[in-house]
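Since the structure comes first, as structure tokens, the remarks are kept for the end.
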Amino acid sequence: MRVLIYGGSFNPPHLGHIRSVQTAMAALEPDRTLLIPAAIPPHKTLAEGTPDRQHRLAMTALAAEAIPGCEASDLELARTGPSYTSDTLRQLRRRYPGAELIFLMGTDMLLTIESWHEPEVIMALASLAIFARETGREGQIAAQAAHLREKYGAVVYELAGEPVTVSSTGIRALLPQRKGREYLTEGVYACIIRHRLYGAKPDLDWLWEQAYGYLKPTRVAHVQGAEAMARRLARRWGADETDAAEAAILHDCTKKLDREEQLRLCEKYGIIADKWELENPELLHAKTGAAFAADLFGAPAHIADAIRWHTTGRPGMTLLEQIVFLADAIEEHRASYPALEAIREAAFEDLDAATELCLRRTLAFLEGQGETIHPDTARTREYYLQKLEDKGALPVPWAAQE
Ligand code: DGI
Ligand code: FE
Ligand code: FE
């Protein structure tokens with residue numbers, strides 16, 4: 001029996017790790033392959049902002065899912081103290097008596113192994129499998145392998161293959177810039193975004209791929225229009241354009257759910273539906289959408305709030321909230337309604353005037369339909385009317401005509 005062991009920080013596990021394991025599995029044909037995230041790697045301190053053990057184990061398990069025959073092990077995370085490879089190998093020796101243990105590492109590790117804790121124990125208990133981390137050091141590596149064979153009786157397998165140049169450090173730097181997705185498996189990336197590990201923000205193309213599943217096909221154009229308009233407004237008014245896009249992409253993510261499903265989400269997320277929402281569950285998608293976006297896509301509070309208030313608005317909206325509220329109402333695919341053009345124009349002149357007109361028109365529309373008016377809709381309009389007066393601006397002239 002052969003057990004291939006790949007230990008590391010897996011912070012996060014990426015396609016380079018996966019390719020290394022696959023190369024080793026193909027060459028060595030192990031019966032079991034274990035990815036073992038280290039609790040505290042003895043040779044380096046974990047980068048600041050490193051996710052906790054549970055998240056690193058979850059990411060490693062998700063990465064292992066992409067490799068048939070591979071599994072993640074909590075052997076080191078479950079242990080206290082530094083993660084010494086020699087201790088891990090002792091544990092594995094007890095678990096798999098008689099098996100050949102093969103410890104997989106990069107060439108950079110091979111060069112430093114004599115400085116590890118109990119190198120002689122490591123090389124007595126396990127064979128070493130080496131994959132290239134860089135080109136141009138082949139001579140040095142062959143010499144080191146020969147030295148370890150001679151001095152410790154080490155068994156060293158040198159694996160052929162393209163050098164793996166992806167690094168976790170590089171990926172961590174990309175994630176907050178909505179980049180880096182291409183170096184990760186789908187499962188690992190979704191986990192990173194869901195929990196916003198490493199300060200990650202979602203790649204907006206990826207977010208769109210996710211959003212399609214939650215939108216009725218007939219709503220896609222509206223959401224695309226909302227994103228484009230939110231971006232334009234963000235540029236016009238100096239808000240973060242990609243945050244505006246993110247909120248817009250997610251703003252109607254629970255819109256297609258019926259009353260029963262809305263109420264189920266309310267239950268799940270501890271949302272209390274008020275009497276207006278119970279009467280008109282159409283209104284609930286703002287609250288459930290915010291909770292859903294935070295749960296599935298880790299939407300931070302300022303983005304979740306823009307989703308939360310996009311239907312009724314609220315007094316004293318943040319710039320982002322106001323942008324998403326208006327983008328939803330005036331995006332280019334919105335079926336025409338009275339005042340639409342006036343609101344569009346105002347949105348680039350005075351956001352508060354546009355907001356007030358938008359709400360004035362909604363109130364007139366709801367009254368005309370005999371619909372109940374949510375108090376948030378009414379008081380938000382009052383607030384912006386007052387705000388215009390306070391700053392000495394006039395409301396946009398528009399009268400609902402029958
Ligand atoms: O989800 P969208 O259709 O893109 O747009 P939205 O989130 O602004 O929802 C619009 C619907 O919400 C529209 O049918 C009117 C309704 N609405 C907005 N404010 C109120 C309201 N319905 C009632 N009953 N009362 C309100 O105050
Ligand atoms: Fe909506
Ligand atoms: Fe919408």
Side-chain angles (χ1 to χ4, degrees), residues 207-208 211-212 214-234 244-259 261-262 265-266 271 273-294 299 303-315 317 320-340 343-344 347 354-385 400:
L207 196 63
W208 257 112
Y212 286 127
Y214 299 103
L215 296 172
K216 269 192 188 156
T218 50
R219 187 154 289 272
V220 169
H222 162 64
V223 176
Q224 285 170 338
E227 182 200 353
M229 184 57 76
R231 284 176 179 274
R232 281 182 60 196
L233 290 171
E246 183 180 331
I249 292 168
L250 295 173
H251 86 279
D252 275 339
C253 63
T254 57
K255 176 84 176 182
K256 77 171 178 186
L257 304 182
D258 63 19
R259 180 193 165 87
E261 294 167 314
Q262 292 290 351
L265 279 190
C266 287
I271 294 167
D274 62 34
K275 74 171 184 154
W276 296 274
E277 290 161 340
L278 287 172
E279 226 170 84
N280 192 345
E282 162 98 347
L283 288 169
L284 271 176
H285 78 285
K287 279 184 181 171
T288 57
F292 190 79
I303 288 178
D305 285 344
I307 300 169
R308 163 66 186 91
W309 299 108
H310 85 267
T311 302
T312 60
R314 69 163 163 177
M317 282 188 273
L320 188 70
E321 288 166 14
Q322 224 171 344
I323 283 172
V324 174
F325 171 82
L326 279 170
D328 180 41
I330 64 173
E331 58 88 11
E332 66 164 335
H333 304 295
R334 223 353 141 198
S336 187
Y337 56 84
L340 175 56
I343 301 168
R344 275 189 184 143
T355 303
E356 189 279 329
L357 178 55
C358 184
L359 287 157
R360 194 179 350 141
R361 179 266 153 186
T362 299
L363 292 171
F365 168 79
L366 293 171
E367 274 159 22
Q369 300 285 108
E371 291 263 7
T372 50
I373 286 163
H374 195 285
D376 286 339
T377 311
R379 66 198 186 99
T380 306
R381 194 259 164 156
E382 288 304 317
Y383 174 92
Y384 284 97
L385 190 60

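In each ligand, atom 1 is the first atom listed, and ligand 1 is the first ligand listed.
- Between His310 and ligand 1, an N or O atom pair is found at a separation short of 3.5 Å.
- Residue-and-atom listing of protein N/O/S atoms under 2.8 Å from the Fe ion (ligand 3), sorted by chain and number: His222 NE2, His251 NE2, Asp252 OD2, Asp328 OD1.
- You'll find the side chain of Gln224 reaches within 4.5 Å of the side chain of Trp208, heavy atoms only.
- The side-chain contact (heavy atoms from CB on, under 4.5 Å) test with His222 is passed by exactly one of Glu332, Arg334, Glu227: Arg334.
- Listed by atom number, the atoms of ligand 1 under 4.0 Å from Arg219 heavy atoms are 1 (O), 2 (P), 3 (O), 4 (O).
- Closest protein heavy atom to atom 19 (N) of ligand 1: Thr377 OG1, 3.6 Å.
- Distance alone, capped at 3.5 Å, is enough to place a donor-acceptor pair between the Arg344 side chain and the Ile330 backbone.
- Expressed to the nearest 0.5 Å, how far CG of Leu250 lies from CZ of Phe292 amounts to 9.5 Å.
- Close N/O approach between His222 and ligand 1 is found [any backbone or side-chain N/O within under 3.5 Å].
- With respect to atom 8 (O) of ligand 1, the closest heavy atom belonging to the protein is Asp328 OD2, 3.1 Å.
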Chi angles and distances behind the side-chain contact (heavy atoms from CB on, under 4.5 Å) call for Glu331, Arg232
CA-CA 10 Å; Glu331 58 88 11; Arg232 281 182 60 196; over 6 Å; no
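- Residue contact check: Asn280 has heavy atoms under 4.0 Å from atoms 22 (N), 23 (C), 24 (N) of ligand 1.
- Ion pairing between Glu282 and Lys255 holds under the 4.0 Å rule for side-chain N and carboxylate O.
- Shortest contact from atom 21 (C) of ligand 1 to any protein heavy atom: Leu283 CD2, 3.5 Å.
- Annotation: atom 13 (C) of ligand 1 to nearest protein heavy atom, Glu282 OE2, 3.9 Å.
- Proximity of Leu366 to ligand 1, defined as any heavy-atom pair under 4.0 Å, is confined to the side chain (atoms from C-beta onward).
- Less than 4.0 angstrom separates some heavy atom of His374 from each of these atoms of ligand 1: 25 (N), 26 (C), 27 (O).
- For atom 5 (O) of ligand 1, the nearest non-hydrogen atom from the set His285, Arg334, Glu277 belongs to Arg334.
- If you check which protein heavy atom lies closest to atom 9 (O) of ligand 1, you get Thr311 CG2, 3.7 Å.
- Counting only distance, with no hydrogens or angles, the side chain of Arg308 and the backbone of Ala291 share no donor-acceptor pair below 3.5 Å.
- Heavy-atom proximity to Ile373, at under 4.0 Å, picks out these atoms of ligand 1: 25 (N), 27 (O).
- Of all protein heavy atoms, the one closest to atom 3 (O) of ligand 1 is Lys255 NZ, 3.1 Å.
- Residue His374 forms a side chain to side chain donor-acceptor pair (under 3.5 Å) with just one option from Thr362, Asp274, Thr312, Asn280, and that option is Asp274.
- Between Lys275 and Glu279 there is no salt bridge, since no side-chain nitrogen of the basic residue lies less than 4.0 Å from a carboxylate oxygen of the acidic one.
- Relative to the six-membered ring of Phe365, Arg361 meets both conditions, a distance below 6.0 Å and an angle of at most 45° to the axis.
- Between the choices Thr372, Asp252, Leu363, the shortest heavy-atom distance to atom 23 (C) of ligand 1 belongs to Thr372.
- Taking NE2 from His310 and CG from Asp305, the interatomic distance works out to 13.5 Å, rounded to the nearest 0.5 Å.
- Rounded to the nearest 0.5 Å, atoms NZ (Lys256) and CZ (Arg219) are 11.5 Å apart.
- Residue Trp276 holds its CH2 atom at 8.5 Å from CG of Asp376, rounded to the nearest 0.5 Å.
- Of all the heavy atoms of Glu371, the ones lying under 4.0 Å from any atom of ligand 1 belong exclusively to the side chain.
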Let's go through Asp252 and Asp328 carefully: what are the C-alpha distance in whole Å and the side-chain angles of both, what is the deciding distance for side-chain contact (heavy atoms from CB on, under 4.5 Å) to 0.1 Å, and is it a yes or a no? CA-CA 9 Å; Asp252 275 339; Asp328 180 41; 4.2 Å; yes
